[in-house]
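A quick write-up on the structure given underneath.
What you see below is based on every heavy atom in this structure, not just the backbone, and it leaves out hydrogens, waters and symmetry mates. All values derive from a computational prediction rather than experimental measurement.
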Amino acid sequence: MKDIIAYCGVPGSYAEEAALSYFGEGAQLITAGSFRGAFEAIKQQKADYAVLPLENSSTGAIAAVYDLLGQYGFYIVGECPIEVNHCLLVNPGTELADITEVFSHEQGLFQSRDFLAEHPNWKQTAVYNTAAAAKKVSEGKNLHWAAIASRRSAAIYHLEILTEKTNFKDQNQTRFVVVAPQPIHSPENNKVSLAFTLPHVSGSLYRILGIFARENLNLSKIESRPIANKNWEYLFFLDFTADTIDSRIEGILEEISKASQTLKILGYYKNAIGVEQDGK
C-alpha cells in the first residue's frame, strides 16, 4: 500500500511540486486547506507524511510552520528545495492595464513586492496558496483579476502569463520539509534539526553555540519563535550538518541537552541544501 502525503494547497502549487519531487510522480497526494490541516492529516492518520514550506531564500522563515512543529511534536525526515519563479497569470484577453486586483499567498505577494510596487493601484489580496489564487482567477473569469503563481499553475488552470519572474530575487528557493509522526534513521542522514529552550542567564546561548564551534560542526540555521502563553520566552530552532550521525554526535546532543532547559530532536535526515563556500 502506498504512503499518503499531505500538502497545503491545490494542484499546481509549489508544495505539490515538492511532494512529487521528493516522493516521485506516482505518489499518492492529498490536499489540505492550511498548514495546520496538513499536520492534522498526520495526527488523524489520514496521511503518513506532510510536505510543508519551512523557509524561503528571499524572505526567510515560514513562522507558522515552525510554530506547528513545536505544537505537534512531529519529526522532520527529509527536505526538498524547490525553485520558486512567480509569474503574473491572467484569464485570456486580460491586459496589464485591465488589472485591478492581484491574488496570491502572502509570501508570493511579499516575494513580488518590487514588481507590485510598480502597480500601486492594484489591490493585493492574500489567499492560502499561490495555486489557489490561480484557480480563483480562472474560475472567476474576471478580466480585472490576476494571480501570482507558478508557470505550472498557468498550464493547469488555462491562464496566460503576462510577466515572468515577478519575484525580486532571481535565485529564489523555498525549502520544503517532509514531516512524519516518527523519526527515520538512515546511514544517509547527515543533518539534525533541534528545538530547545534556554534559561534566562548570561551566556546560555553562547554556551550552546560554543559546542558547535569546538566540535567543528556546521551550524546551518538558527531561528527563534515566541513560546505560546509565555511572555518573552523563546523556542530556538537549530539545524546542523555532520559527516554522519554516529556516537560522537549522540554525545554532543547529550551535552547540548545538559546545557539547555529543554531539548527536542526534531529529526535526522539527509541534507539537500547546497551552500556556496567563500571563494568558490
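When side chains are defined from C-beta on, Val90 does not count as touching Val137, because their heavy atoms never get closer than 4.5 Å. A heavy-atom distance below 4.5 Å is found between the side chains of Phe212 and Leu238. In this structure the side chain of Val201 reaches within 4.5 angstrom of the side chain of Arg207, judged on heavy atoms. The closest side-chain heavy-atom distance from Leu88 to Ile161 is not below 4.5 Å. Contact check for Thr241 versus Ile273: no side-chain heavy atoms found under the 4.5 Å cut-off.
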Pairs of donor and acceptor atoms involving the side chains of residues 117-126, under 3.5 Å and at least two apart or interchain, shall be tabulated with distances.
residue : atom : partner : partner atom : Å
Trp122  : NE1  : Ile99   : O            : 3.1
Thr125  : OG1  : Glu101  : OE2          : 2.5

Which donor-acceptor pairs under 3.5 Å do the side chains of residues 43-50 make with protein atoms, sequence neighbours left out?
residue : atom : partner : partner atom : Å
Gln44   : OE1  : Lys46   : NZ           : 3.2
Gln44   : NE2  : Glu40   : OE1          : 2.9
Asp48   : OD2  : Ile4    : N            : 2.7

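Pro92 and His158 make their closest contact through CD-O, 3.8 Å (heavy atoms, listed as atom of the first residue, atom of the second, distance). Considering every non-hydrogen atom in both Pro81 and Ala272, the closest pair reads CG-O, 3.5 Å. What you find for Pro53 and Val65 is that their closest heavy atoms are O-CG2, 3.1 Å. The shortest heavy-atom contact between Ile82 and Ser21 is CD1-CB, 4.3 Å. Taking both residues in full, the closest heavy atoms of Asp98 and Gly93 are given as OD2-O, 4.0 Å, listed atom of the first, atom of the second, then distance. Closest non-hydrogen pair, Ala15 versus Tyr7, comes out as CB-CD1, 3.9 Å.
Using modelled atom types, one side-chain atom of Ser57 and one backbone atom of Gln173 make a donor-acceptor pair closer than 3.5 Å. A donor-acceptor pair under 3.5 Å is absent between the side-chain atoms of Ser138 and the main chain of Ala134, judged by distance alone. Side-chain atoms of Ser112 come within 3.5 Å of backbone N or O of Gly108 as a donor-acceptor pair. Between the side chain of Ser204 and the backbone N or O of Pro199, at least one donor-acceptor pair lies under 3.5 Å. Put simply, the side chain of Thr94 gets close to the backbone of Leu143: a donor and an acceptor are under 3.5 Å apart. A donor-acceptor pair is defined here as one N or O able to donate and one able to accept, closer than 3.5 Å; no such pair exists between the side chain of Asn85 and the backbone of Glu164. In this structure, Ser153 contributes its side chain and Gly12 its backbone to a donor-acceptor pair below 3.5 Å. Using modelled atom types, no side-chain atom of Arg225 and backbone atom of Phe237 make a donor-acceptor pair closer than 3.5 Å. Judged by distance alone, with hydrogens and angles left aside, the side-chain atoms of Thr244 form no donor-acceptor pair with the main-chain N or O of Asp246 at under 3.5 Å. Between the side chain of Thr166 and the main chain of Phe115, no donor-acceptor pair closer than 3.5 Å is present.
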### Message
Before you tell me yes or no, could you show the steps for Lys136 and Tyr157 under side chain to side chain donor-acceptor pair (under 3.5 Å), namely the whole-Å CA-CA distance, both residues' side-chain angles and the distance that decides it to 0.1 Å?
### Response
CA-CA 9 Å; Lys136 179 180 180 66; Tyr157 298 109; over 6 Å; no
### Message
Using side chain to side chain donor-acceptor pair (under 3.5 Å), reason through Gln107 and Asn56 one step at a time and then give a plain yes or no.
### Response
CA-CA 9 Å; Gln107 284 284 326; Asn56 177 265; 5.4 Å; no
### Query
Between Leu20 and Leu29, is a side-chain contact (heavy atoms from CB on, under 4.5 Å) present by the stated rule, with each step listed?
CA-CA 9 Å; Leu20 293 174; Leu29 308 184; 3.7 Å; yes
### Task
Please step through side chain to side chain donor-acceptor pair (under 3.5 Å) for the pair Asp239 and Ser193, ending with a clear verdict.
CA-CA 4 Å; Asp239 298 341; Ser193 289; 2.6 Å; yes
### Message
For a side-chain contact (heavy atoms from CB on, under 4.5 Å) check, start with the C-alpha distance between Leu217 and Ile249, then their side-chain angles and the critical distance, and finish with the verdict.
### Response
CA-CA 10 Å; Leu217 292 171; Ile249 299 301; 4.0 Å; yes
#### Entry: Evaluation steps, side-chain contact (heavy atoms from CB on, under 4.5 Å), between Lys270 and Asn190
CA-CA 5 Å; Lys270 184 179 180 180; Asn190 61 352; 4.3 Å; yes
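With sequence neighbours left out, Glu250 forms a salt bridge (charged side-chain N to carboxylate O under 4.0 Å, His left out) with no residue at all. When the salt bridge (charged side-chain N to carboxylate O under 4.0 Å, His left out) test is applied to Glu79, the partners found at least two apart in sequence or on another chain are Arg175, Lys191. In this view, Glu255 and Arg214 satisfy the salt bridge (charged side-chain N to carboxylate O under 4.0 Å, His left out) rule, not counting sequence neighbours. Partners of Arg113 under the salt bridge (charged side-chain N to carboxylate O under 4.0 Å, His left out) rule, at least two apart in sequence or in another chain, do not exist in this structure.
In terms of hydrophobic clustering, with Ile, Leu, Val, Met, Phe, Trp and Tyr side chains grouped at heavy-atom distances under 4.5 Å, Ile208 and Val192 are assigned to a common cluster. Linking Ile, Leu, Val, Met, Phe, Trp and Tyr whenever their side-chain heavy atoms come within less than 4.5 Å puts Phe176 and Ile184 in one cluster. Both Ile252 and Leu198 belong to a common hydrophobic cluster when Ile, Leu, Val, Met, Phe, Trp and Tyr are linked at side-chain heavy-atom distances under 4.5 angstrom. One hydrophobic cluster holds both Val10 and Leu89 under the rule that ILVMFWY side chains link at heavy-atom gaps under 4.5 Å. In the hydrophobic clustering of this structure, Ile265 groups with Ile256; members are Ile, Leu, Val, Met, Phe, Trp, Tyr whose side-chain heavy atoms approach within less than 4.5 Å, directly or through other members.
The residue from Leu52, Leu235, Ile76 that alone fulfils the side-chain contact (heavy atoms from CB on, under 4.5 Å) condition with Leu69 is Ile76.
The CZ atom of Phe23 sits 4.5 Å away from atom CD1 of Ile5, with the distance rounded to the nearest 0.5 Å. Here the OH atom belonging to Tyr268 is positioned 9.0 Å from the OH atom belonging to Tyr75, to the nearest 0.5 angstrom. Considering OG1 of Thr262 and CZ of Phe236, their distance stands at 10.5 Å, rounded to 0.5 Å. Within the model, atoms OG1 of Thr59 and CG of Leu109 stand 11.5 Å from one another, a figure rounded to the nearest 0.5 Å. Atoms CZ and OG, from Phe196 and Ser260 in turn, are 7.0 Å apart once rounded to the nearest 0.5 Å. We find the CZ-CG distance between Phe74 and Leu266 to be 12.5 Å, quoted to the nearest 0.5 Å.
A salt bridge links Glu223 with Lys221: at least one charged nitrogen is closer than 4.0 Å to a carboxylate oxygen.
More than 12 heavy atoms of other residues, nucleotides or ligands shown are found within 6.0 angstrom of CD on Glu233.
In this structure, His86 has its ring center under 6.0 Å from that of Tyr14.
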